[in-house]
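Data block below; observations after.
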2 protein chains.
Amino acid sequence: MIAEFNPFHNGHEYLLTQAKKVTHADVLVVLMSGNFLQRGEPAIVDKWQRTKEALNGQADLVIELPIYVSMQAAHLFAQGAVQMASQIHSDYLVFGSEHPNLDFNVLAAEAKKISLNTSTYSQSFAGQLFSALYEKTEINLHTANDILAFNYFYANQSLTKPMALMPIKRHEADHADATFKGMHFASSSAIRKARLAHNDVFTHFVPKQTAIDLMGQLVSWNDLWPYLKYRLLTASLAELRTIYGCSEGIEYRLKTVAPKSTSFEVFLQSLKTKRYTYTHLQRLCLAIALNLKKDQMRGQVPVYRVLGFNRKGQTYLHKLKEFDIPVLSKIGQKENAVGYQSTYQADQIYGLLTQKEQNIGRKPIISL
Amino acid sequence: MIAEFNPFHNGHEYLLTQAKKVTHADVLVVLMSGNFLQRGEPAIVDKWQRTKEALNGQADLVIELPIYVSMQAAHLFAQGAVQMASQIHSDYLVFGSEHPNLDFNVLAAEAKKISLNTSTYSQSFAGQLFSALYEKTEINLHTANDILAFNYFYANQSLTKPMALMPIKRHEADHADATFKGMHFASSSAIRKARLAHNDVFTHFVPKQTAIDLMGQLVSWNDLWPYLKYRLLTASLAELRTIYGCSEGIEYRLKTVAPKSTSFEVFLQSLKTKRYTYTHLQRLCLAIALNLKKDQMRGQVPVYRVLGFNRKGQTYLHKLKEFDIPVLSKIGQKENAVGYQSTYQADQIYGLLTQKEQNIGRKPIISL
């Protein structure tokens, strides 16, 4: 399974149970984003807390998606994550979807005919692509998880040995729902929003471990904002141009808007134009705050950082080592040079916000 | 007069009165460091507050030393400030000194024979120089103001039309004294230290305006430290090497020590080696925090930013314009490109700490 668990909630627990039921898999491996997520934001609680939540919720092995996978636009996120899933010999790939009955295979095959170049395909290109696909198939892709599902299928079709993909119907809450409609399931964003507004209703929608974690220290863009502003005030235009995703002269706009902005929300709103979505801009802001360069986010060979496991997961870990997969169980001063450097650097900033070291001296969480 | 006024105290007031008395000057111009000072630290209160303090204390015109003068090692600070003083047609240069009777002219002339290259002369070279001078002259230069005085004389001797230099005896307190010995005079560092320790005794040693300012918001390295740490965690070694003063591999040490340091004090202590003085390291840290590059700190043509004046100062300002001196009375978006850019950038960080804009929309303080 590919997941963010920001945080792990009842819907995720349902998804994991269903995954085991439909696949009869020996082991359920979760490839989970680390401390920074696909939409360009820090995780509300750190990767260790979310790993513990996932292990309590029936995951057998949790492996970290490194930042050059986790913090990418949907199609690159999917491409990276699918490749990692395939490399560890997964038979099935399970994920939530608003419309699991859509014929994603047909959609992806049609998209291949449009000769997609996934390394350059931009937000506006995605819009054009989905219109073109609609004309051919009358399938309208517009919800976040459906778009992600499409990208999983697309990436999967390029594998020499594709996996069996299994979209599972989300219950009671779409990904973007910020309200509580049902009695048991709510989206991560609804849960985060309620928690940040000190509305305890969120506790009905999450397992106990998540409820405990969410009563502790939380991280949001507000914590990162002073550092982003500082960076934008001091960085030269030339320095900004080295950042991943900074192009087309947006560096001038960033430098002009930053000094006047009193909060991240105000900043993002002032920055917004028709040309860019909020998510696109937010992802750029995160790359600046973390000082991620173009060469750090492209063409990286992923490493497999183990965040936690149970007995089943442990057995599978031994297999991975036999397969010659570059598994990392701990990070020392030397290891962070090999494929983990950008994630390590980003984690140092997460640690600056929480005052908790994220890597050195941390061992996988074992749930036996 | 060349000054920092960090903050303006009774000793400074005495110095200004003496300056007027001994020179019978028409106008007393103070070339005052802006928000960042020679020893690599932010000023305890901002340049506008310190300007007001100075105008109340008999200064007629306060002009800002731009950051590429104010934040330099003693010899470069002296060189830049003396050149600026000379360019505005000063007849006298007045400053405090522990030992005003030392024969600084002889010392400086002797130093010229050692063929000093002031652009490269380093901390260790300074030590050797002062030993050599002692052997020749039996004059021992070791107190901060005497060393600065020596550098003023040295720079002054290189001018085509040297000024008359007037060291004035400091009373009751050496520059570095952190205790209160006298009843009326104390050093700036003693005053800052007492204030930061919430010891009201400092009020006896400062004029009323300073006492008021010191009861308001104060700035210290502690405020800047989170940003320096953040910067060191995210900057690459190559980026650090572009910073003014970063050389000889110290970038490796900076990157290694930063993650483990919980405060600026701890950081500086862990960084210290025999090779560098605390002041040298502190100045480097400030350059990193402000992202000041090598080319921003060298070979700049100084601009004369007017911070405040009284009627006498105003008259002299008109003369300066006749002399074709590049005087800046206000800073707009365009003006900050002409020689003021690095100071402007540094001030934006000072403003980030205080939430007070330092340049745009600020007019000189007029005290008529």
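Within 6.0 Å of atom NZ in Lys363(A), 12 or fewer heavy atoms from other residues, nucleotides or ligands are found, so the atom counts as exposed in its surroundings. Heavy-atom neighbours of Glu265(B) CD from other residues, nucleotides or ligands within 6.0 Å: at or below the threshold of 12.
Contacts between Gln355(A) and chain B at a heavy-atom distance below 4.5 Å are absent for every atom of the residue.
Distance check: Thr234(B) OG1 to Lys293(A) NZ gives 8.5 Å after rounding to the nearest 0.5 Å. Distance check: Glu239(A) CD to Glu239(B) CD gives 6.0 Å after rounding to the nearest 0.5 Å.
Heavy-atom neighbours of chain A within the stretch residues 280-291 of chain B, taken at a separation under 4.5 angstrom, comprise Ile288(B), Ala289(B), Leu290(B), Asn291(B). For residues 222-230 of chain A, the interface with chain B (any heavy-atom pair closer than 4.5 Å) comprises Pro226(A), Tyr227(A), Lys229(A), Tyr230(A), sorted by residue number.
Salt bridge status for Lys260(A) with Glu357(B): absent, with no side-chain N to carboxylate O gap under 4.0 Å.
With a 4.5 Å cut-off on side-chain heavy atoms, Gln345(A) and Leu233(B) do not count as touching.
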